[in-house]
Amino acid sequence: MKIKDIQEEIIDEFGIFDSWMDKYEYIIELGKNVPKINEDDKVDENIIKGCQSKVWLHAKKSNGLVQFYADSDALITKGIISLLLRVLSNQKPSDIIQANLDFIDKIGLRQHLSVNRANGLNNMIKKIKFYAIGYNNK
Amino acid sequence: MKIKDIQEEIIDEFGIFDSWMDKYEYIIELGKNVPKINEDDKVDENIIKGCQSKVWLHAKKSNGLVQFYADSDALITKGIISLLLRVLSNQKPSDIIQANLDFIDKIGLRQHLSVNRANGLNNMIKKIKFYAIGYNNK
Amino acid sequence: MDIKKNIDSIRNDFPILSTSVNGNKLVYLDNAATSQTPNCVIDSISDYYKNLNSNIHRGVHFLSQKATEIYEETRFKFKKHLNANSTKEIIFTSGTTHSINLVANGFNNSLKAGDEIIVSSLEHHSNIVPWQMLCEKTGATMKVIPMNQEGELNLNAYEDMLSKKTKIVFVNHVSNALGTVNPIKFIIDRAHSFSAKVLIDGAQAIPHFKVDVNDLNADFYVFSAHKFCGPTGVGILYAKQSILEDFPPYQGGGEMIDEVTFEKTTYADLPNKFEPGTPNIAGVIASGIALDYINGIGLDNIKKYEDELLSYATQKLKTINNLKIYGTSQNKTSVISFNIGDIHAYDIGSIIDNLGIAVRTGHHCAQPIMDYYNIPGTIRVSFCFYNNFDEIDKLVNALNRAVKMLS
Amino acid sequence: MDIKKNIDSIRNDFPILSTSVNGNKLVYLDNAATSQTPNCVIDSISDYYKNLNSNIHRGVHFLSQKATEIYEETRFKFKKHLNANSTKEIIFTSGTTHSINLVANGFNNSLKAGDEIIVSSLEHHSNIVPWQMLCEKTGATMKVIPMNQEGELNLNAYEDMLSKKTKIVFVNHVSNALGTVNPIKFIIDRAHSFSAKVLIDGAQAIPHFKVDVNDLNADFYVFSAHKFCGPTGVGILYAKQSILEDFPPYQGGGEMIDEVTFEKTTYADLPNKFEPGTPNIAGVIASGIALDYINGIGLDNIKKYEDELLSYATQKLKTINNLKIYGTSQNKTSVISFNIGDIHAYDIGSIIDNLGIAVRTGHHCAQPIMDYYNIPGTIRVSFCFYNNFDEIDKLVNALNRAVKMLS
Ligand SMILES: Cc1ncc(COP(=O)(O)O)c(C=O)c1O
Ligand SMILES: Cc1ncc(COP(=O)(O)O)c(C=O)c1O
C-alpha cells in the first residue's frame, strides 16, 4: 500500500473516536501489540534523543524496501511509533524521503501528544528519513 | 542659631513659593551666591561620590565649631549645598552628628530633586557627618 | 489568615486556575517547576509599563527616579524578609541558575588544585554543573554527600568528608525532586568550623516557609521569583557583604562601574558591582509584590496548610496499588514523587494531562537522584497554598483511570 | 504605514504617553535609554500569566507544551527578522550586557598573550568592560579605533591597526551617546580578511532600521528588547552556529545539559547549551510581540519618520544661543547630544524635567567619548517613532526657559 493510502486509512480509523481519551486507549492498544525488538538492538546508538521516554530504532533493507523496528519503554510512545512504522516501514527509500506525513496533524497528534514537546516525534521522523537517505544512496 | 531653628527658617522661606519652578529659581539664586572655594581644595579626595555633578567639600574647625566649604560645577547642586551648609556649618560637632535634617523632606527637596537619585544628597550629608565625627573625637 | 476558610478567595486571585485544559478545568500540581501568578503581581507589571517604565539609576528625570526608588525599595523588602544586614547583600539576577553561576565564578581565582568542594546528592542540575565547570577550571575536586532510601542526606558521611581542604559546600534547602528539607543549619555550622563557605539553594524553600539568613549564617542563599508567585526572569542572591566585596565582578557593563577609560576601569560599590546593564526592572518590582502577597497570607499559615495537603495527598495516593513514593523523610515540603508499578511515568503524565491535571514527569533536573533509585524518572506532584483538597481527589481519580488504561 | 498621518493612533498604543509628570503631560525623549511599551506588549505579558504560565521544555502537560511552543516560535521570529540561517543561532539572554559577556567568555580559552582585540572609541561601557576583563584574564591587549570631531570612526587608523594578531573586533552599529551609524559592513569585511571575529552591538540599531546579519556577515550581533518597545530583562544574541558550537558553555544549569552525573556532564545542543535555568519566558514571548509591532509599522517607515524628527529637532535646537551639538555625522539616528554654553547639563535636565520633559544627562555610559570632547557629559534627546513635532517645540521652549533661569 502507498504511504498516502495508509495515512488515509489511519485518519479514517481515528475519525470514529469522539474523545481524546478514546484515541489514547487505541494508541495504547497499538503500543501493546508492537513486537519487542531484540535486546541486542537496544544499544545506545539506536536511541533517539529528545524523547522523554527511551526510543530505540533500527532498520534493514530487503527487496529494495526499508523495514523499521522500534521499541520504547513507554506504551504511548510505542503506540505512536507503531503508527509511524505502519506508514513508513516496508516502503521504498525514495518514497520515505519524500513522504509528507500529514496524518499526524490530521488525527490531532501534534496538538495532543507531548512527544512533540521535546521534538521527540520530529526526531523519530528525522531518524527514519536519515535511514532512508542512507539506503537510497547505497 | 540652632540647627533646628535654621531649618524652621528655611521651611518658612520655601512656604511662600507656589510652584517648583519658583523654588528652583530660588535655589539657583542661592547657588549663584555660594562663594567659590579655593582651587587648591578642589582635589579628588574632597569629591563626593554618587552625584551627577561634581561636588567638593572640605571642613575646618575653629572655636569648637565646624565650618564647611563646598562647591559644585552645577548651579542647582550648589544651591542645595548652600542650604545644607546654612544649617550645618558653624555648629558644634555633636550637634551636627545628631542633627535630624527634616527640612529636606518638608520643603519637598527629596521628591523633587534628582540629586537624591544617585544618593548624592545622602552622600553629602554622610560626608558632613563624617567630618563632624572626626572633629568630635579630636 | 486561615487558608482553608479563605481558599476560594485566594484561588480567585489566580486567574489561570479557572482556565480549562482539554475541556477540563485545570488542576495545576506542577508548582515546584513554577508557581502561578496572582492578579496583584500581573497588575504590577502592567502598571509599571503604563506609568513608570524608564531606565534606572542614571536618569535625572521623574520616571527614572521613581522607577529607581521602587526598584531599590524592592531590594529593601528582600533584605528585610531574609533578615540580611544590609541592602548591599541583596543582588538581583535573572534566576537561581544565574545566581549560582555568579557565586561559582567568584571562586575562580581563589580555588586551586588540591582544594575540595562538597555537593549533596539531592541537588538540582543548576547546583551541580556550575561547580563542575569551576572544578574543571581550577583543578579542585568534588565530593558528594550520599543519601539514603528515604531521600535524606547522610550527615555522618558529610562530617567525615569535611577537612581543611574543604573550601565550599553547596546544598539545597529543599530538594525539588523529593521535597526533603535538609538540615542546613547543621551543615553550615560544620562547614564553618573548617572555614568553608556554604551556598544554600533555597529555590524550593522560600515559597514554603520563613527563612532567616542571619540565623542560618549562610554565606550565600539563592532563589527565583517565579517559584513564589513572582514573574519569570528574576533571581535573588543573598551573600555576605564581606564576601561580595572580595569577589571579582562577574559580568562587565554599564552601572557596575565607577569610571571607565580604555586603560582602566574602577568598579562601583555593592550592590551595583554585580548588576551590570539594564536589569529586569518590571520583573524585580513585581517580585517584591509577590513577596508582599505571600507575606500577606503568612508563611506560617502557608506551611501549616501545605502540610495538610501533603498528608491528605500522601494518604490518598497510598490507596493506589503498587504506588511507590520516593522521598519519605519526616521533614519534607508538599512534594510527592512516585511511580506506579512499572508503568512509565510519561504514559501516566500524558493521560492525566488530557484530564486537565498538570504534573511533572521525568528526572526533574536531578538525574543523580534518579540514578540512586535506578529509575528513569518519577511523576511529581507539588502543591502550593492555592491548591485544594478537591484537586487531590481529582488527581487520584485520574491516576486510577490512567492505570486502568495502561495495565 | 504613514506614521505622520497615523501618529495619534500610534501614540494611543502607548499608555504612558498620556501620564503627566509634575503637572505637565510627559514628553518622553529618553528613548535611547529605554523605549516605551505598547498595549499589545503589556497585554501579552498579562495574557501569559493568565493563561499559559508554566515552565518550559521539560513538561509533558498542556501549559508547558503550549508555553514551549510559543517561546520557540518567538525564536523563529527573531531568526526570520535578522535573516539568520537557523534558530540555533538565536540565543535569548537577559540583555545586551549579558550577551556581550557570554561572547567574551567564549574567547577565554582561545585568546592568549600577544593577541590583540580592537574596540571603537564610540562604545557603551557594556561593550568595553567585558573585554577589559577578558584581556586581564588572557593577557591580550586592546587597541582603540580613534574618532573625529564629528563623532565618526577613523577607518584609516582602523585598517592600520588590523594585523594577524587581531582576533576580535567589537563595535556598535549605532552609538548610543551620539547616534553615529558606523560603517560596520566595511569594518566586518576588513576584520574577516585577517580572520578576526566581529561582534556588533546593535542595541541602538534594531529599533531604528532593518538589520540583516547574513548580508552583514557579522559573527555576533547583540541587542536588548527594552530598546525596541519590548520588556526589560530580555536580550538577543545572534551568533554563527559554527562558532557557538565551538564555544564552551557560559553558565551551567538545568536545560543546558544532556546528561548529568557527578563525574561528567554532557551539554545539550544549540540553542539550549546557552540557555540554562528557567528563562524569562513571559519576557521573551512579549519581545516577539514587540518585534511584530514595529514590523507592523514598518522599519522603513520608522526610519523615514525619525529622520524627519531628527532634522526638525536639529534645526530648532540650533536656534538656541551657544548650543553645541556633539555627533554631527551625516549618517546618524535620531539622537542629539548637546550642551548649552557652559551651563551644566544636569541643571538643564533638572529644570526641564520639572516641565515634564524627560531627557538624559551625563556620560550615557560612554565616558571615553566625553573624555574625547573633554566634557563631563551632555544632554541627550533621543526620539522614537511615537514622538511628534509638537514635543520638539515643547522641548525647545523648555530649554529656553531653563537657560534664562540659569544664566
Ligand atoms: C549601544 C549600547 N550598548 C549596550 C547597551 C546596554 O544594554 P542593556 O543595558 O540592555 O544590557 C546599551 C544600552 O544602554 C546601548 O545603548
Ligand atoms: C532546587 C532548585 N534549584 C535550582 C533551580 C533552578 O532555578 P531557575 O530555573 O529559576 O534558575 C530549581 C528550579 O527548578 C530548583 O528547584
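Just so it is clear: chains get the letters A, B, ... in the order the sequence lines come, proteins before strands, and each one is counted from 1.
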Enquirer: Heavy atoms only, distances under 4.5 angstrom: which of C:Asn105, C:Asn108, C:Ile281 has the most pairs with chain D? Name it, please.
Expert: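 Max contact count across the listed options: C:Ile281.
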Enquirer: Which one wins on heavy-atom pair count under 4.5 Å against chain C: D:His364, D:Gln36, D:Lys264?
Expert: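 Highest number of heavy-atom pairs under 4.5 Å: D:Gln36.
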Enquirer: Using a 4.5 Å cut-off on heavy atoms from C-beta on, say whether the side chain of D:Tyr48 contacts that of C:Thr37.
Expert: no
Enquirer: Between C:Asn39 and chain D, with a heavy-atom cut-off of 4.5 Å, which part of the residue counts as in contact: side chain, backbone, both or neither?
Expert: side chain
Enquirer: Looking only at atom types and distance, does a side-chain atom of D:Ser126 sit under 3.5 Å from a main-chain N or O of C:Gly254, one as donor and one as acceptor?
Expert: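 The answer is yes, because a donor-acceptor pair under 3.5 Å joins these two groups.
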Enquirer: Does any heavy atom of chain D fall under 4.5 Å from the side chain of C:Pro276, the backbone, both, or neither of them?
Expert: both
Enquirer: Checking side-chain hydrogen bond (donor to acceptor under 3.5 Å, both in side chains) against D:Thr232, which of C:Asn280, C:Thr278, C:Asn53 comes through?
Expert: C:Asn280
Enquirer: Calculate, to the nearest 0.5 Å, the distance between atoms CD1 and CD1 belonging to C:Ile42 and D:Ile42 respectively.
Expert: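 So the gap between those two atoms works out to 14.0 Å.
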Enquirer: Considering only heavy atoms, which portion of D:Ser35 lies under 4.5 Å from any heavy atom of chain C: side chain, backbone, both, or neither?
Expert: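 D:Ser35 touches chain C through backbone heavy atoms alone.
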Enquirer: Can you name the nearest heavy-atom pair linking C:Gly253 to D:Pro130, along with the distance?
Expert: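 What the structure gives for the nearest pair is N-CD, 4.4 Å.
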Enquirer: Which region of C:Val144, side chain (C-beta onward) or backbone (N, CA, C, O), has a non-hydrogen atom less than 4.5 Å from a non-hydrogen atom of chain D, or is it both or neither?
Expert: side chain
Enquirer: Relative to chain D, which segment of C:Thr261 carries a heavy atom at a distance below 4.5 Å: side chain, backbone, both, or neither?
Expert: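 Both backbone and side chain of C:Thr261 come within 4.5 Å of chain D.
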Enquirer: Quick one: which of D:Gly349, D:Ala282, D:Pro368, D:Cys365 has the most heavy-atom pairs under 4.5 Å with chain C, could you say?
Expert: D:Pro368
Enquirer: Can you name the residues of residues 92-100 of chain D that have some heavy atom under 4.5 Å away from a heavy atom in chain C?
Expert: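 Residues in range: D:Ser94, D:Thr97, D:His98.
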Enquirer: Checking the side chain of C:Asn55 only, and the main-chain atoms of D:Ala33 only, is there a donor and an acceptor separated by less than 3.5 Å?
Expert: yes
Enquirer: What's the separation between atom SG in C:Cys229 and atom OH in D:Tyr49, rounded to the nearest 0.5 Å?
Expert: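 Between C:Cys229 SG and D:Tyr49 OH, I get 11.5 Å after rounding to 0.5 Å.
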Enquirer: Measure distances from C:Tyr250 to the heavy atoms of chain D and classify the residue's part below 4.5 Å as side chain, backbone, both or neither.
Expert: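 Both backbone and side chain.
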Enquirer: For D:Gln367 and C:Val260, which heavy atoms make the closest approach, and how far apart are they?
Expert: OE1-N, 2.7 Å
Enquirer: Return the option, out of C:Gly356, C:Pro38, C:Gly277, C:Gly235, with the maximum number of heavy-atom pairs under 4.5 Å with chain D.
Expert: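 The option with the most such pairs is C:Gly277.
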Enquirer: Ring-plane angle category for C:His61 and D:Tyr28, please: parallel below 30°, perpendicular beyond 60°, tilted otherwise.
Expert: perpendicular
Enquirer: What heavy-atom pair brings C:Leu52 and D:Ile16 nearest, and what distance separates the two atoms?
Expert: N-CD1, 3.5 Å
Enquirer: Check whether C:Val284 gets within reach of chain D through its side chain, its backbone, both or neither, counting any heavy atom under 4.5 Å.
Expert: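 Answer is neither: C:Val284 stays 4.5 Å or more from chain D.
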Enquirer: Quick one: CE on C:Met133 to OG1 on D:Thr265, what's the gap to the nearest 0.5 Å?
Expert: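 Rounded to the nearest 0.5 Å, the CE-OG1 separation comes out at 10.0 Å.
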Enquirer: Under 4.5 Å, counting heavy-atom pairs only, tell me which of C:Asp371, C:Leu17, C:Ile128 racks up the most with chain D.
Expert: C:Ile128
Enquirer: Among D:Pro231, D:Ala366, D:Ala104, D:Pro248, which residue forms the greatest number of heavy-atom pairs with chain C at distances under 4.5 Å?
Expert: D:Pro231
Enquirer: Non-hydrogen atoms of chain D under 4.5 Å away: do they reach the side chain of C:Asn51, the backbone, both or neither?
Expert: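 Both parts, backbone and side chain.
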Enquirer: Quick one: OG1 on D:Thr19 to CG on C:Leu63, what's the gap to the nearest 0.5 Å?
Expert: 6.0 Å
Enquirer: What closest approach, in Å, do C:Phe262 and D:Ser121 show between heavy atoms, and which atom pair accounts for it?
Expert: CZ-CA, 3.8 Å
Enquirer: Report the option among C:His363, C:Lys66, C:Glu136 that has the most heavy-atom pairs separated by less than 4.5 Å from atoms of chain D.
Expert: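 It is C:His363.
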Enquirer: In Å, rounded to the nearest 0.5 Å, how long is the span from CZ of D:Phe62 to CD1 of C:Ile357?
Expert: 15.0 Å
Enquirer: Which one, C:Thr361, C:Val41, C:Val359, C:Leu134, leads in non-hydrogen pairs under 4.5 Å with chain D?
Expert: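 The option with the most such pairs is C:Val359.
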Enquirer: Does any backbone or side-chain atom of C:Glu123 lie under 4.5 Å from a heavy atom of chain D? Answer side chain, backbone, both or neither.
Expert: neither
Enquirer: Do D:Gln251 side-chain atoms and C:Asn101 backbone N/O form a donor-acceptor pair below 3.5 Å?
Expert: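 Looks like no, no N/O pair under 3.5 Å.
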